Number of protein chains: 2
Amino acid sequence: MNKLLTRREAEYLKVAFDLSSEKTSVGSLDIANRLGVSCASASEALKRLSEKGMIIREPWRGIRLTDLGLKEVSRIIRNHRIFETYVYRLLSVSLDEACECARRVELHLSDKIVDSMCRILGHPKRCPHNKNIPAGVLCCVELR
Amino acid sequence: MNKLLTRREAEYLKVAFDLSSEKTSVGSLDIANRLGVSCASASEALKRLSEKGMIIREPWRGIRLTDLGLKEVSRIIRNHRIFETYVYRLLSVSLDEACECARRVELHLSDKIVDSMCRILGHPKRCPHNKNIPAGVLCCVELR
DNA sequence: TTTAAAATTTAGGTATACCCTAAATTAAAC
DNA sequence: GTTTAATTTAGGGTATACCTAAATTTTAAA
């Protein structure tokens, strides 16, 4: 039972997370619509995510992210937004391109690299799109 | 006919490139040995690489990278080494970790981002392992 | 309360990427 | 010319990811 998420599974997890803050109950149909995929595909993907311990499925009640799932999705979002902010601010790359590249590398960045970028940026709270940047578990520690 | 290489195909292409500078003739067996894979798997992978226009296969004569293949592998190697050098030098990350992460993101970095890192580093000729860094097609242009 | 509608899952199929072993082929070396 | 070595093909296996159609379950309406 492999813990690592595939690119696509991460996509499902991110959508599940996003929808969770928009609606009280999130079902496979919501996720299928958002991803432009059939209900059956979404259902399968969610099953795999729950097998990997990322979500809890309660059919007709909606899904819930587990602590592991929340940790994972936060890490991915943090990776994306710190990388994007860094590249946009310090490498003079357009926001579109920074975001696009961040999407491609977000799964593959290491915590240390992202924390280092974060430190250099002065631990920003928001990305250039003005979205929240989750804190790094070990980042900022030296400031306390 | 999709032009983009998969992670694994890029691995095969890199090995093909490396071996080409070590031996006069590179066959599927050489590549299979280097990657720890059966001859049959290597043969298949090389077939796919030739369908994507990256190499020319001349059985019992060995393979040759096409111009496209050389361009592609140079881009990947450049991405790896510039990223690794940048992260090592400017983000205070260990060389092992920089290299490991570079391996994971090398396929996904955009030229603009890599060129920007390259400019900031002063267009280095070698990575911290002292390996050659291929020039970027559009990098350095403003210096001429 | 029963039934119809909506949400969801399961079953069965397709495609792609990898990998394997065993068998067939082809070139090179003796 | 045969044998040996390299290579490819054939046939299978697993995993991811998608689909449609059918079955299931819940909710809501008549």
Side-chain angles (χ1 to χ4, degrees), chain A residues 1-16 19-20 22-65 69 72 76 103-104 106-108, chain B residues 1-16 19-20 22-65 69 72 76 103-104 106-108:
Chain A
M1 194 252 257
N2 183 15
K3 266 308 173 38
L4 289 179
L5 299 185
T6 64
R7 180 71 270 215
R8 202 50 176 154
E9 283 167 353
E11 223 55 64
Y12 277 99
L13 188 62
K14 285 198 289 176
V15 166
L19 287 175
S20 295
E22 292 170 23
K23 315 183 69 215
T24 43
S25 167
V26 177
S28 20
L29 186 57
D30 301 306
I31 287 169
N33 286 338
R34 183 65 68 101
L35 280 170
V37 125
S38 79
C39 236
S41 301
S43 184
E44 262 181 17
L46 293 175
K47 192 163 129 208
R48 243 178 310 135
L49 277 180
S50 83
E51 277 160 7
K52 290 189 178 179
M54 298 292 164
I55 62 171
I56 310 250
R57 289 205 300 167
E58 299 176 297
W60 288 277
R61 289 266 204 77
I63 58 155
R64 258 185 15 245
L65 273 70
E72 190 58 16
I76 295 169
R103 201 187 52 73
R104 291 196 309 259
E106 62 186 14
L107 280 193
H108 308 294
Chain B
M1 196 250 257
N2 183 18
K3 265 313 172 35
L4 290 178
L5 299 185
T6 65
R7 180 72 268 212
R8 201 52 174 152
E9 283 167 354
E11 223 57 64
Y12 278 98
L13 188 61
K14 284 198 290 177
V15 166
L19 287 174
S20 294
E22 293 169 22
K23 317 184 68 214
T24 43
S25 167
V26 178
S28 19
L29 187 56
D30 303 304
I31 287 170
N33 287 338
R34 183 65 69 98
L35 280 170
V37 124
S38 78
C39 236
S41 301
S43 184
E44 262 181 17
L46 292 176
K47 193 164 128 207
R48 243 176 311 135
L49 277 180
S50 83
E51 278 161 6
K52 291 188 180 181
M54 298 292 164
I55 63 171
I56 309 249
R57 289 203 300 168
E58 299 176 297
W60 289 276
R61 290 267 203 76
I63 58 155
R64 259 188 11 248
L65 273 70
E72 190 59 17
I76 295 169
R103 203 188 50 74
R104 292 197 308 261
E106 63 188 14
L107 279 194
H108 307 294

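This one's a predicted model, so the numbers in the text were calculated from it and none came from an experiment.
B/A16 meets the side-chain contact (heavy atoms from CB on, under 4.5 Å) test with B/I31, B/I63, B/L65; sequence neighbours excluded. Among residues two or more places apart in sequence or in another chain, the side-chain contact (heavy atoms from CB on, under 4.5 Å) test is passed with B/L107 by B/R7, B/A10, B/I76. Here A/E72 pairs with A/R75 under the salt bridge (Lys or Arg N to Asp or Glu O under 4.0 Å) rule; sequence neighbours left out. The side-chain contact (heavy atoms from CB on, under 4.5 Å) search around A/E44 returns none, not counting sequence neighbours. Partners of B/S50 by side-chain contact (heavy atoms from CB on, under 4.5 Å), not counting sequence neighbours, listed by chain and number: B/I55, B/R57.
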Its contact letters, B for base, S for sugar-phosphate only and - for none at protein heavy atoms under 4.0 Å, make nucleotides 18-30 of chain C read SBBB----BS---
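A/L29 places its CG atom 14 Å from the C1' atom of D/dT26, with the value rounded to the nearest Å. If you take CG of B/L46 and C1' of C/dA17, they are 15 Å apart, rounded to a whole angstrom. Between the CG atom of B/L4 and the C1' atom of C/dT16 there is a distance of 14 Å, rounded to whole Å. When rounded to the nearest whole Å, the span between CD1 of B/I31 and C1' of D/dT8 equals 14 Å. Regarding B/L13, its CG atom lies at a distance of 16 Å from the P atom of C/dA17, rounded to whole Å. Remark: P of D/dA5 and CG of B/N33 are 14 Å apart, rounded to the nearest angstrom. For A/K47 and C/dT9, the NZ to P distance is 10 Å, given to the nearest whole Å.
Taking 4.0 Å as the cut-off between side-chain N and carboxylate O, B/R48 and B/E51 do not count as a salt-bridged pair.
Distances shown here put every side-chain N or O of A/S43 at or beyond 4.0 Å from the OP1 or OP2 atom of C/dT10.
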